[in-house]
J.: 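Submitted below is the structure of interest, expressed as C-alpha cells.
Owing to the predicted nature of the structure, the values given are computational and were not obtained by experimental measurement. A, B, ... follow the sequence lines: proteins, then strands. Residue 1 opens every chain.
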Amino acid sequence: MTRVFCSTSLIAVAGLLAGLTAAGCSPLGPTTAESSLPNAAISVENFSGSLKVKGVAFYSFSVVDGGTTYLSLLSLKEAGVDSDVLVTIGLGVPRATACVATNVLSVKATGSLQLTGTTNPGVHCAVVFDSGNLTKDATFSLNIARPK
Amino acid sequence: MKMFQVFRVGAALVALSVTASACSSTTAPTEADSTITPLEFTTSTFAGTLEAKGNGFYSFAVNQAGPVGLTLAAVQTPGGAALSIPIGIGIGVPSGTGCARTTSQSTVPGLAAQMTVTLNPGTYCAAVFDTGNLTAAVNFAMRIRHP
C-alpha cells in the first residue's frame with residue numbers, strides 16, 4: 001500500500017515537473033530564452049513634437065507594473081531635413097512645469113534602444129532637449145517602450 | 001477519585017492560563033498606538049500666462065493621502081489689472097503632453113480654495129484652461145496646497 005502511494009506520488013511529481021518544463025518554467029529558473037525586452041508586458045508610446053533651439057519638450061506616462069523603460073530617438077529633422085546632431089533624452093518624473101530627469105543621455109536619431117531606466121509604478125516622463133547643438137528648430141519622434 | 005479531582009484542578013488551571021494569555025494579547029491600545037501622524041502640507045504657486053483657448057498645468061507629488069486644495073488667487077491683464085473673468089481649473093494626472101483632468105470647474109479668482117479633492121499618494125497635476133471666456137492672454141496665479 002505504501003509502495004503504491006509512493007509510486008503514485010512520484011508519478012504526480014514527475015508530471016508536475018514535466019508540465020512546468022513544458023510551460024518554460026523550472027524549479028531551477030526559466031528554460032526558455034529571454035526576449036530582448038524583459039518586461040512581461042510592454043506598451044509603446046510615440047512622442048513626436050517640435051524642439052526649438054535650446055528648447056525642451058516632455059511627455060508623461062503612467063506605469064502600473066514596475067519594470068524597465070526604453071527610449072529610442074527615431075528621427076530628428078532640423079528645418080525638415082534629417083539631422084545627425086546630438087540631442088539629450090532622459091527619463092524622470094513630472095514636477096512643476098517640467099520633467100525632472102534622473103537619467104539622461106546624448107544621442108543621435110538611430111532608432112535603436114538608447115536609454116534604459118527602471119520605472120516603478122507611478123507617473124514618469126520622457127524628455128528631449130537641446131543642449132546647444134541645434135542650429136534650427138527641429139521636429140523629433142521618440143519611442144517610449146514601457147511596462148504596462 | 002482523588003486522581004480525578006487533581007485532573008479537574010489541573011484542567012482549570014490550564015484554562016485559566018490560556019484565558020490570561022488571551023487577555024494579555026488583547027491589551028488596550030497604549031497612548032503611542034493611538035497617535036495620529038498629522039498631515040504636513042506644502043503650498044506651491046503656479047503662475048503664468050494663459051492664452052485665449054489655451055491651457056497649462058503644474059505637476060506635484062502627494063506624499064500622504066489627504067485633501068488637495070486649489071485656489072485661483074488672481075487673474076490679471078498683462079498690464080496688471082485685476083480681472084474677474086472665470087477660467088477653468090482642474091486636477092488630474094500628467095499624461096502625454098498635458099494634464100488628464102479628473103475634476104474641473106470654472107471659477108473666478110478668490111481668497112479661499114475653489115476646489116478641494118482627497119488624493120492618495122502619487123503624482124498629480126493642477127490645470128488652468130480657458131473655458132471660452134478669454135479674448136486675449138491673461139496672467140494667473142494659483143495656489144496648490146497638498147499633503
J.: Among B/Ala100, B/Pro94, B/Ser44, B/Gly96, which residue has the highest count of heavy-atom pairs closer than 4.5 Å to chain A?
T.: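 Maximum pair count with chain A is reached by B/Gly96.
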J.: If you look only at distance, which donor and acceptor atoms sit under 3.5 Å apart when one is on a side chain in residues 103-110 of chain A and the other is two or more places apart or in another chain?
T.:
{"residue": "A/Asn103", "atom": "ND2", "partner": "A/Thr116", "partner atom": "O", "Å": "2.8"}
{"residue": "A/Ser106", "atom": "OG", "partner": "A/Thr88", "partner atom": "OG1", "Å": "3.3"}
{"residue": "A/Thr110", "atom": "OG1", "partner": "A/Ser112", "partner atom": "N", "Å": "3.3"}
{"residue": "A/Thr110", "atom": "OG1", "partner": "A/Ser112", "partner atom": "OG", "Å": "2.9"}
{"residue": "A/Thr110", "atom": "OG1", "partner": "A/Gln114", "partner atom": "NE2", "Å": "2.9"}

J.: Does any heavy atom of chain B fall under 4.5 Å from the side chain of A/Thr97, the backbone, both, or neither of them?
T.: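 Contact with chain B: backbone and side chain both.
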J.: Considering only heavy atoms, which portion of B/Phe46 lies under 4.5 Å from any heavy atom of chain A: side chain, backbone, both, or neither?
T.: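 Contact with chain A: side chain only.
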J.: Side chains of B/Thr97 and A/Phe47: does their closest heavy-atom pair fall under 4.5 Å?
T.: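 Contact flag for B/Thr97/A/Phe47 side chains = yes.
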J.: Report, by ascending residue number, the residues of residues 120-143 of chain A in heavy-atom contact with chain B at a distance under 4.5 Å; give 'none' if the set is empty.
T.: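 Within residues 120-143 of chain A, near chain B: A/Val123.
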J.: Would you say that B/Val93 contacts A/Ser60 through its side chain, given a criterion of any heavy-atom pair below 4.5 Å between the two side chains?
T.: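 The answer is no, as the side chains (C-beta and beyond) never meet within the 4.5 Å cut-off.
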J.: Counting only pairs under 3.5 Å, give me each side-chain donor-acceptor contact of residues 132-147 of chain B, with atom names and distances, residues two or more places apart or in other chains.
T.:
{"residue": "B/Asn133", "atom": "ND2", "partner": "B/Pro86", "partner atom": "O", "Å": "3.1"}
{"residue": "B/Asn133", "atom": "ND2", "partner": "B/Thr131", "partner atom": "OG1", "Å": "3.2"}
{"residue": "B/Asn139", "atom": "OD1", "partner": "B/Thr49", "partner atom": "OG1", "Å": "3.0"}
{"residue": "B/His146", "atom": "ND1", "partner": "B/Ala61", "partner atom": "O", "Å": "3.2"}

J.: Between A/Phe58 and chain B, which part of the residue has a heavy atom less than 4.5 Å away: side chain, backbone, both or neither?
T.: both
J.: Of all of A/Cys99, A/Ser62, A/Pro94, which one pairs up most often with chain B through heavy atoms under 4.5 Å apart?
T.: A/Pro94
J.: Does anything in residues 102-120 of chain B pair up under side chain to side chain donor-acceptor pair (under 3.5 Å), and if so which pairs, sequence neighbours excluded?
T.: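 Every candidate side chain to side chain donor-acceptor pair (under 3.5 Å) pair involving residues 102-120 of chain B fails, so no pair, neighbours aside, qualifies.
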J.: Do B/Val68 and B/Tyr124 come within less than 4.5 Å of each other through their side chains, counting heavy atoms only?
T.: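 SC-SC contact between B/Val68 and B/Tyr124 ruled out.
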J.: Find the distance between CD1 (B/Ile91) and SG (B/Cys99) and round it off to the nearest 0.5 Å.
T.: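 Nearest 0.5 Å value for the CD1-SG distance: 9.0 Å.
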J.: Could you give the distance from CZ (B/Phe60) to OG1 (B/Thr42), rounded to the nearest 0.5 Å?
T.: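 Going from CZ on B/Phe60 over to OG1 on B/Thr42, the span is 10.5 Å.
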